[in-house]
Colleague: 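The structure's right below; bear with me while I get my questions together.
Given the structure is predicted, the values throughout are model-derived calculations rather than measurements. Protein chains get the first letters and strands the later ones, always in sequence-line order, with residue 1 at the start of each. Scope of the values below: all heavy atoms of this structure, side chains included, with no hydrogens, waters or symmetry mates.
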Number of protein chains: 2
Amino acid sequence: MKTLPGKTVERLSQYRRALASTLAANRNYVFSHELAAMLHITAVQVRRDLMLIGYGSVMRKGYDVRELISTIGSIIDAPSGLNVAIIGMGNLGRAITGYFRGKRTNMNVVAAFDVDPQKVDKVVAGVRCYNISQMRKLREELDIMVAVLAVPADQAISTASLLVSNGIKGIMNFTTVPLNVPDAIYLEEFDMITSIEKVAYFVKENQQPEG
Amino acid sequence: MKTLPGKTVERLSQYRRALASTLAANRNYVFSHELAAMLHITAVQVRRDLMLIGYGSVMRKGYDVRELISTIGSIIDAPSGLNVAIIGMGNLGRAITGYFRGKRTNMNVVAAFDVDPQKVDKVVAGVRCYNISQMRKLREELDIMVAVLAVPADQAISTASLLVSNGIKGIMNFTTVPLNVPDAIYLEEFDMITSIEKVAYFVKENQQPEG
DNA sequence: AAAACATTGTTAATTTATTAACAAACAATA
DNA sequence: TATTGTTTGTTAATAAATTAACAATGTTTT
């Protein structure tokens with residue numbers, strides 16, 4: 001299958017979670033407009049996304065929830081699960097680690113890393129924290145593919161290059177520092193300050209309409 | 001001025017921060033390609049964004065850093081600053097609060113809220129935590145416009161409607177629950193699990209090229 | 001069983017975002 | 001002072017994402 005648009009991948013992840021709650025509510029079928037309502041998007045968008053993954057509904061009375069969950073899994077999940085490490089066990093690192101707990105995903109948080117001896121060897125939400133100096137060894141041993149970067153801004157760049165040189169394949173960057181990585185490494189960035197400033201801007205614009 | 005595209009607003013926020021560090025490095029002018037390099041985007045993108053905010057460089061030897069910082073401010077900032085509250089003082093709430101410390105932004109985190117008596121009245125990174133029951137009173141008193149929602153998933157919807165009914169104008173939603181708010185309220189959502197799953201997907205795709 | 005309705009899958013149209021192309025405005029150099 | 005080189009601002013082209021339109025398929029109602 002051709003690689004999907006990023007936006008579609010994001011929505012597939014969200015469809016799957018919405019479908020899980022649908023199932024928990026004892027519904028076995030959903031219509032595109034119901035799924036759309038749960039995510040507050042349009043039904044066309046849903047149908048288009050499902051078209052892209054080639055999912056054909058068997059009946060005309062909605063999608064089979066279980067089947068769709070598993071189809072989405074077969075598209076977006078790595079066949080044998082995918083191991084993730086959290087880099088930086090400050091508040092953000094711990095928050096992210098906690099998010100995974102209980103969530104049914106194909107990803108496993110197998111390790112956390114920090115430089116602070118106070119944090120090393122502690123276990124948070126079932127995840128053990130190692131000294132960052134053990135990265136190389138553990139990256140390989142635990143087959144860690146993706147790193148979630150949650151270190152202080154001034155350590156972002158050096159830590160990122162450590163990740164790269166140790167064979168990480170994808171980085172989710174939560175620092176406010178834009179990173180530069182080789183093309184072969186997939187990089188996704190999220191900047192909290194920027195996104196809150198964006199909210200502030202549009203609030204301001206709404207307040208002074210046509211101002 | 002016409003309302004800017006969301007993507008442009010995001011970049012303006014990042015230009016400003018990059019410019020601040022440029023200034024700290026004693027550079028008074030920057031070229032579009034330099035600014036672009038800092039954010040790892042193209043120079044055309046930079047020039048286009050600046051065109052949209054109507055910023056004309058005085059000289060042909062780059063943009064005046066100070067002037068550009070203040071121009072960006074005049075566009076994206078609210079004239080008299082904008083007050084923000086963090087809702088939910090768990091790990092994520094504390095992380096976000098910490099992010100603001102020291103950052104030069106036009107936004108002030110003026111309060112945090114939680115239901116946990118253990119957290120109420122504590123001060124984190126200079127921000128005091130109040131009981132959520134005081135929302136109505138403090139929302140008004142402190143003129144809080146934007147809320148950053150960082151509560152557990154099962155409290156997301158009820159807390160959001162509390163925010164709405166108390167007069168909040170913008171919400172940055174960090175829970176994994178899609179929210180439904182009136183049109184007049186600006187809503188931005190960020191789902192950590194989804195974005196990490198996205199990284200995982202593209203890593204997988206890169207691993208098995210044309211697979 | 002015919003008519004009316006609901007839902008899907010897909011193509012086409014539209015909108016939004018990015019990238020390319022290039023004339024104009026200097027500055028530096030010969 | 002002419003020539004060469006840089007950088008900008010903007011228009012045009014391309015690409016990506018969303019939305020609209022609608023035929024096809026089946027279900028429900030009369």
Side-chain angles (χ1 to χ4, degrees), chain A residues 1-15 19 22 27-65 67-68 71-72 75 178 183 188-189 194 198 201-202 205, chain B residues 1-15 19 22 27-65 67-68 71-72 75 178 188-189 194-195 198 201-202 205:
Chain A
M1 156 158 325
K2 212 173 155 314
T3 298
L4 299 167
K7 292 297 180 72
T8 294
V9 175
E10 289 178 17
R11 283 188 299 262
L12 288 173
S13 156
Q14 295 180 300
Y15 295 151
L19 289 166
T22 302
R27 302 262 339 254
N28 295 315
Y29 292 90
V30 275
F31 296 126
S32 58
H33 66 260
E34 293 176 309
L35 205 40
M38 292 185 235
L39 272 72
H40 309 118
I41 58 176
T42 69
V44 195
Q45 184 80 81
V46 172
R47 297 206 301 272
R48 196 153 222 319
D49 286 334
L50 298 188
M51 186 192 105
L52 288 178
I53 64 171
Y55 183 72
S57 72
V58 198
M59 17 200 57
R60 300 295 128 171
K61 274 295 165 186
Y63 302 96
D64 181 312
V65 176
E67 206 173 276
L68 185 47
T71 302
I72 291 176
I75 302 284
D183 276 0
E188 180 82 18
E189 315 208 80
T194 285
K198 185 179 174 190
Y201 171 80
F202 283 105
E205 291 300 304
Chain B
M1 155 155 331
K2 214 170 155 314
T3 297
L4 299 167
K7 291 295 180 71
T8 294
V9 175
E10 289 178 17
R11 283 187 299 261
L12 287 173
S13 157
Q14 296 179 300
Y15 295 151
L19 289 166
T22 301
R27 303 260 341 251
N28 296 314
Y29 293 89
V30 274
F31 296 126
S32 59
H33 66 260
E34 293 175 308
L35 205 39
M38 292 185 235
L39 272 70
H40 308 120
I41 58 176
T42 69
V44 195
Q45 185 80 81
V46 172
R47 297 206 300 272
R48 196 156 221 318
D49 287 333
L50 298 188
M51 185 192 105
L52 289 177
I53 64 171
Y55 182 72
S57 72
V58 198
M59 16 198 59
R60 300 297 128 170
K61 275 296 167 186
Y63 302 98
D64 181 314
V65 177
E67 205 172 277
L68 184 47
T71 302
I72 291 176
I75 303 283
E188 180 83 19
E189 314 207 84
T194 285
S195 44
K198 186 180 173 189
Y201 171 79
F202 284 105
E205 291 299 304

Colleague: Return the minimal non-hydrogen interatomic distance between A/L39 and A/R11, and the atom names on each side.
Modeller: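 In terms of heavy atoms, the two residues are closest at CD2-O, 4.4 Å.
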Colleague: Measure the distance from CG on B/D64 to C1' on D/dT8 and round it to the nearest whole Å.
Modeller: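 Result: 16 Å.
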Colleague: Quick one, give me the B/S/- string for nucleotides 17-22 of chain D, reading 5' to 3', where B means a protein heavy atom under 4.0 Å from the base and S means that only happens at the primed atoms, P, OP1 or OP2.
Modeller: SSBBB-
Colleague: Note the angle between the end axes of the helix from C/dA1-D/dT30 to C/dA30-D/dT1, five pairs defining each, rounded to 10 degrees.
Modeller: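 Inter-axis angle at the termini of the helix from C/dA1-D/dT30 to C/dA30-D/dT1: 0°.
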Colleague: Kindly write out the residues that satisfy side chain to side chain donor-acceptor pair (under 3.5 Å) with B/Q45, not counting sequence neighbours, or none if the list is empty.
Modeller: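 By the side chain to side chain donor-acceptor pair (under 3.5 Å) rule, B/Q45 matches no residue at all.
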Colleague: Does the side chain of B/S32 get closer than 4.0 angstrom to OP1 or OP2 of D/dT8 through an N or O atom?
Modeller: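 True: B/S32 side-chain N/O within range (under 4.0 Å) of D/dT8 OP1/OP2.
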Colleague: Less than 4.5 Å apart, any side-chain heavy atom of A/I41 and any of A/Y15?
Modeller: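 The answer is yes; the side chains approach within 4.5 Å.
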Colleague: How about A/Y29 and A/E67: do any of their side-chain heavy atoms sit closer than 4.5 Å?
Modeller: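 Side-chain contact under 4.5 Å: no.
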Colleague: Provide, to the nearest angstrom, the distance between the CG atom belonging to B/L52 and the C1' atom belonging to C/dT18.
Modeller: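 Distance, rounded to whole Å: 12 Å.
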Colleague: Can you tell me how far C1' of C/dA25 sits from CZ of B/F31, to the nearest Å?
Modeller: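 Checked: the CZ to C1' distance equals 14 Å.
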Colleague: Looking at side-chain heavy atoms only, is the closest gap between B/D49 and B/Y55 below 4.5 Å?
Modeller: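 No. Closest side-chain heavy atoms not under 4.5 Å.
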Colleague: Can you check the A/Y29 OH to C/dT8 C1' distance for me, whole Å?
Modeller: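 About 15 Å, once rounded to whole Å.
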Colleague: Got A/L68 and A/L50 here, is their nearest side-chain heavy-atom distance under 4.5 Å?
Modeller: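 Result yes, sub-4.5 Å side-chain heavy-atom pair found.
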Colleague: For the pair made of CG in B/L50 and P in D/dG9, what is the distance, rounded to whole Å?
Modeller: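 From B/L50 CG to D/dG9 P: 7 Å.
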Colleague: So do B/K198 and A/S13 actually touch side chain to side chain, heavy atoms under 4.5 Å?
Modeller: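 A/S13 does not reach B/K198 side chain to side chain.
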Colleague: Side-chain contact, heavy-atom cut-off 4.5 Å: A/T22 with A/E34?
Modeller: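 No, side chains not in contact.
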Colleague: If you compare every side-chain N and O of B/Y55 against the phosphate oxygens of D/dT10 (OP1, OP2), does one of them come in below 4.0 Å?
Modeller: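 Looking at the OP1 and OP2 atoms of D/dT10, neither is under 4.0 Å from any side-chain N or O of B/Y55.
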Colleague: Is there a side chain to side chain contact (heavy atoms under 4.5 Å, CB included) between B/Y201 and A/E10 once you walk through the steps?
Modeller: CA-CA 10 Å; B/Y201 171 79; A/E10 289 178 17; over 6 Å; no
Colleague: Atom CE of B/M51 to atom C1' of D/dT7: distance rounded to whole Å?
Modeller: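 Rounded to whole Å, this separation is 16 Å.
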Colleague: Measure from CD1 on A/I53 to C1' on C/dT10 and round the result to the nearest Å.
Modeller: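 Taking atom C1' of C/dT10 as the reference, CD1 of A/I53 is at 16 Å.
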